[in-house]
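Remember, it's 1-based here, ligands and their atoms both numbered in the order they're listed.
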Amino acid sequence: MSPILSRDEIRTRFSRAMSDMYRNEVPQYGQLLELVADINQRTLQARPALHAQMQAGRELERLGVERHGAIRVGTAAELSMLRRLFAVMGMEPVGYYDLSVAGVPVHSTAFRPVSEAALRANPFRVFTSLLRLELIADPALQDRARAILGARSIFTPHVLELIAKAESAGGLHEAEADAFVKEALETFRWHCESTVDAATYASLHQAHRLIADVVCFKGPHINHLTPRTLDIDAAQAAMPAHGMHAKEEIEGPPARACPILLRQTSFKALEEAVRFADQGRGEAGSHTARFGEIEQRGVALTPEGRALYDRLLAQAREPREDTHGRALSYGQRLHAAFADFPDDWQALRRQKLAFFRYVLSPAGEQQIEARSRFASAGGLEQWIEEGLVSAEPITYEDFLPVSAAGIFQSNLGGETHKQYAAHAARQAFEADLGASVHDEMALYAAAQQQSMELLLSRVQG
Ligand code: OOG
Ligand code: NI
């Protein structure tokens with residue numbers, strides 16, 4: 001029998017199959033990919049320093065295949081089975097996001113690879129939200145939704161067998177892996193037939209549009225698939241000419257010389273024809289679920305850097321006037337607030353605001369090969385200054401709750417946002433998931449620490 005296929009390879013095949021399926025379902029996604037590929041190529045040509053940085057960090061290879069998607073599920077059983085499904089592809093739950101604070105009745109995690117090697121191979125991520133039915137005010141409607149969800153099965157019988165096989169055998173062989181990709185894809189496919197009648201859809205939609213999206217369909221259709229751009233401002237500016245109407249504001253930090261965390265923008269959900277269970281052939285209703293999104297990723301921030309980011313973002317979101325009493329736009333406030341966030345790599349590093357990977361530079365390698373040890377006086381800072389060691393920014397691989405809420409909302413139409421009492425329920429989420437989520441800060445800190453240990457072992461020979 002053929003050997004067991006690596007989880008990285010299964011993930012790469014799955015991510016490609018998902019991208020092909022989504023391109024067929026949503027042709028605008030294909031146009032978006034072309035636009036982003038074109039902008040990335042031009043950006044790399046125009047900015048040799050960025051090109052060199054990405055090459056050194058070995059990120060150039062992954063750029064063209066890098067995607068994240070998003071799905072929303074309705075029950076604990078669905079969520080925990082998804083955890084097992086993603087594990088077959090080496091994707092583990094990282095982070096907890098409470099979106100109820102932003103008027104969206106879900107909480108979420110991101111399934112993604114966690115080791116550096118796996119991230120380098122293919123960083124495919126899926127932002128996965130669990131509907132919080134307990135936040136539906138009407139108890140009868142809550143029960144109805146629960147019953148509908150309880151009656152569906154979002155996985156094919158064969159994929160369930162293959163998940164169990166991967167768990168017991170420690171992986172899948174080539175042919176099994178191909179079958180797994182094909183069967184797993186079924187869970188994420190769009191279904192234009194609703195499982196409920198039009199009146200049920202309407203009452204769930206009335207409670208919250210998102211509830212209808214999760215409850216009324218056969219499965220958790222992938223609702224967007226996001227490529228990574230190196231210049232989100234250029235991409236945003238180019239979108240209208242390609243017939244995509246981007247949301248007004250880019251979520252996340254403002255444009256900077258040294259990108260931090262994550263900036264995202266999306267274009268509106270498509271309105272799609274849907275046939276409800278009580279409709280005959282030819283009759284149709286509609287539903288909006290699927291949209292397009294692009295993102296630009298920057299350096300991961302330390303807890304101190306993240307606290308500063310959260311504080312400045314909150315400040316930017318407060319209405320403010322200039323000295324003449326004129327209201328400042330959100331963009332102006334964002335720009336003003338982030339003047340307080342250092343914008344050069346050295347300051348970010350020395351003030352411990354961001355995570356870096358320390359590696360020997362070519363000059364450092366040469367010096368070691370010549371068997372001359374580094375002078376230990378001065379240590380790391382001096383080696384960096386002498387060009388023997390380089391500090392590479394570690395890319396942020398996760399999401400941002402305020403941004404995610406903004407993306408959700410821009411696609412929920414202009415309806416007034418419902419308010420839910422803020423209550424993160426991480427423990428309940430982890431109980432439903434059947435596992436605890438990784439702490440993303442611990443992952444970045446470990447990557448930085450490991451690079452340091454490796455460096456010291458080489459230097460001290
Ligand atoms: C997920 C929205 C959040 C992101 O990139 O922050 C998201 C959803 O709409 O299901 O995708
Ligand atoms: Ni997204």
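Comment: Glu167 engages Arg84 in a salt bridge, judged by a side-chain N to carboxylate O separation of less than 4.0 angstrom. Between Arg263 and Glu295, no side-chain nitrogen of the basic residue sits less than 4.0 Å from a carboxylate oxygen of the acidic one, so the salt-bridge criterion is not met.
Not a single N/O/S atom of Glu295, whether from backbone or side chain, sits less than 2.8 Å from the Ni ion (ligand 2).
Taking a heavy-atom cut-off of under 4.0 Å, ligand 1 is surrounded by His68, Ala70, Arg72, Phe127, Asn223, His224, Gln264, Phe291, Glu293, Phe399, Ala404, Phe408.
Every residue was checked against the salt bridge (charged side-chain N to carboxylate O under 4.0 Å, His left out) condition with Arg311, not counting sequence neighbours, and none meets it. With sequence neighbours left out, the salt bridge (charged side-chain N to carboxylate O under 4.0 Å, His left out) criterion links Glu61 to no other residue. Residues satisfying the ring pair (Phe, Tyr, Trp, His ring centres under 6.0 Å) test with Phe127, not counting sequence neighbours, are Tyr97, Phe399.
Nearest heavy atoms, Arg62 versus Arg120: CB-O, 3.7 Å.
Within His224, the N/O/S atom positioned nearest the Ni ion (ligand 2) carries the name NE2.
Between the OE1 atom of Glu293 and the NE2 atom of His68, the angle taken at the Ni ion (ligand 2) works out to 80° after rounding to 10°.
A donor-acceptor pair under 3.5 Å is formed between the side chain of Tyr22 and the backbone N or O of Asn223.
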